[in-house]
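The analysis underlying the following values was restricted to heavy atoms, covering all of them including side chains, and did not include hydrogens, waters or symmetry mates.
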Amino acid sequence: MRRIVLAVLLTLLGAGSALADRATFLNLAQRGWNYELRSTMVGRDLSIPVHINGRTLSGATICLVGERPHPISHEVIETFLALERAVFGKPVTLRYAGAEARGCGTGRTVVLRLYSGHPPNRALSADLAWMNAAYDLGLPARRDYAATSPAMAQTFFGRRGQGTHIMVQQAALPKVGALEAAYYRSILIEELFQSFTFGMDILRFERGPGFVSKLQETPTRMDRLPWTSRAFMRALLQSNPGALCEFDIFMMHAVARSPAEQTVEPVFLEFIDAEYDQLAALAGETMADPRFAAITDRDCREGSLVRP
């Protein structure tokens, strides 16, 4: 009798946990994907139509400019390409175009500028000026831009298509310690994931033992810390998960399979609710795949990629 009662209790507890996960996932999906585009570019032509669909970049090209990838960056990029192909069924190609974005060409292209040390603001301004002309983005002419964080990404919608620009700091030395490696890995993973799914940051004000999503960020005062300082790296790793969580993989599968014309529409959330069990199963299988271990973390603890 005790064994039967215990089995029933465990079943009920498991069901309660599953329901809690479902509610958490649906809440985060709503907060991370049901939004209106925010323009941080003062003077941008707001008459240009915007169409937001997380599948837009499936099968696109990542065009590297600036520095060639550090081994850490290379592993993250290659693993992310493999993950994209496995989830979306289309290969994302990769090529190096040299120092300038103008060598990338137009089309469904993500410009990824890697740098070490101080941010190359002049190169960033040149990249965006070329994209503005190539895609007719409606950005102010002859404007200079500056990096506001060590990793930043923006997608612009123009009259001749859309363009995505990512700029991420990478390690300067061939070999770095565990903290540095986790930091550089984390910021590149985040920008790639958000750019290829159109997910938005979610502020998490309560502190807990871990995170549910790479979209989550705990507000942390880091404005006076140099980006290359160990204090900054440690603070950033404590403010968000170091790699993709199971929820993030769940959402990649949702984006890939949803019939919604735009992934910011309520129908996208309705699809996730209806297909939750299948999406959860797919996410579990993907998380267990050793091919993606370099950019995933089932536990999603703060600084969890900092190995002894």
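In terms of modelled atom types and a separation under 3.5 Å, the side chain of Ser149 and the main chain of Ala151 share a donor-acceptor contact. Looking at Asn53, its side chain never comes within 3.5 Å of a backbone N or O of Thr263 through a donor-acceptor pair. When atom types are taken as modelled, the side chain of His70 and the backbone of Leu173 share a donor-acceptor pair closer than 3.5 angstrom. For the pair Ser258 (side chain) and Ala254 (backbone), a donor-acceptor distance under 3.5 Å is absent. Side chain of Arg113 to backbone of Ala99: a donor-acceptor contact under 3.5 angstrom is found. With hydrogens and angles ignored, the 3.5 Å screen pairs a side-chain donor or acceptor of Tyr135 with a backbone N or O of Gly107.
In this view, Glu75 and Arg185 satisfy the salt bridge (Lys or Arg N to Asp or Glu O under 4.0 Å) rule, not counting sequence neighbours. Checked against ring pair (Phe, Tyr, Trp, His ring centres under 6.0 Å), Phe88 has no partners two or more places apart in sequence or in another chain. Evaluation of the salt bridge (Lys or Arg N to Asp or Glu O under 4.0 Å) rule for Glu180 yields Arg230 as partners, not counting sequence neighbours. For the side chain to side chain contact (heavy atoms under 4.5 Å, CB included) test, no residue two or more places apart in sequence or in another chain qualifies with Ala133. When the ring pair (Phe, Tyr, Trp, His ring centres under 6.0 Å) test is applied to Phe247, the partners found at least two apart in sequence or on another chain are Phe25. Evaluation of the salt bridge (Lys or Arg N to Asp or Glu O under 4.0 Å) rule for Arg159 yields Asp45, Asp136 as partners, not counting sequence neighbours.
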Self-check item: Working for ring pair (Phe, Tyr, Trp, His ring centres under 6.0 Å), residues Phe250 and Tyr276
Solution: CA-CA 9 Å; Phe250 173 95; Tyr276 177 84; 5.4 Å; yes
Quiz item: Stepwise, does the side chain to side chain contact (heavy atoms under 4.5 Å, CB included) test hold for Thr106 with Met131?
Solution: CA-CA 8 Å; Thr106 56; Met131 291 177 65; over 6 Å; no
Practice problem: Kindly indicate, with the supporting measurements, whether the criterion salt bridge (charged side-chain N to carboxylate O under 4.0 Å, His left out) is fulfilled by Glu246 and Arg298. | Solution: CA-CA 6 Å; Glu246 189 160 2; Arg298 183 174 293 276; 3.3 Å; yes
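Using bins of under 30°, 30° to 60° and over 60° for the plane-to-plane angle, the ring pair Trp227/Phe232 lands in the tilted bin.
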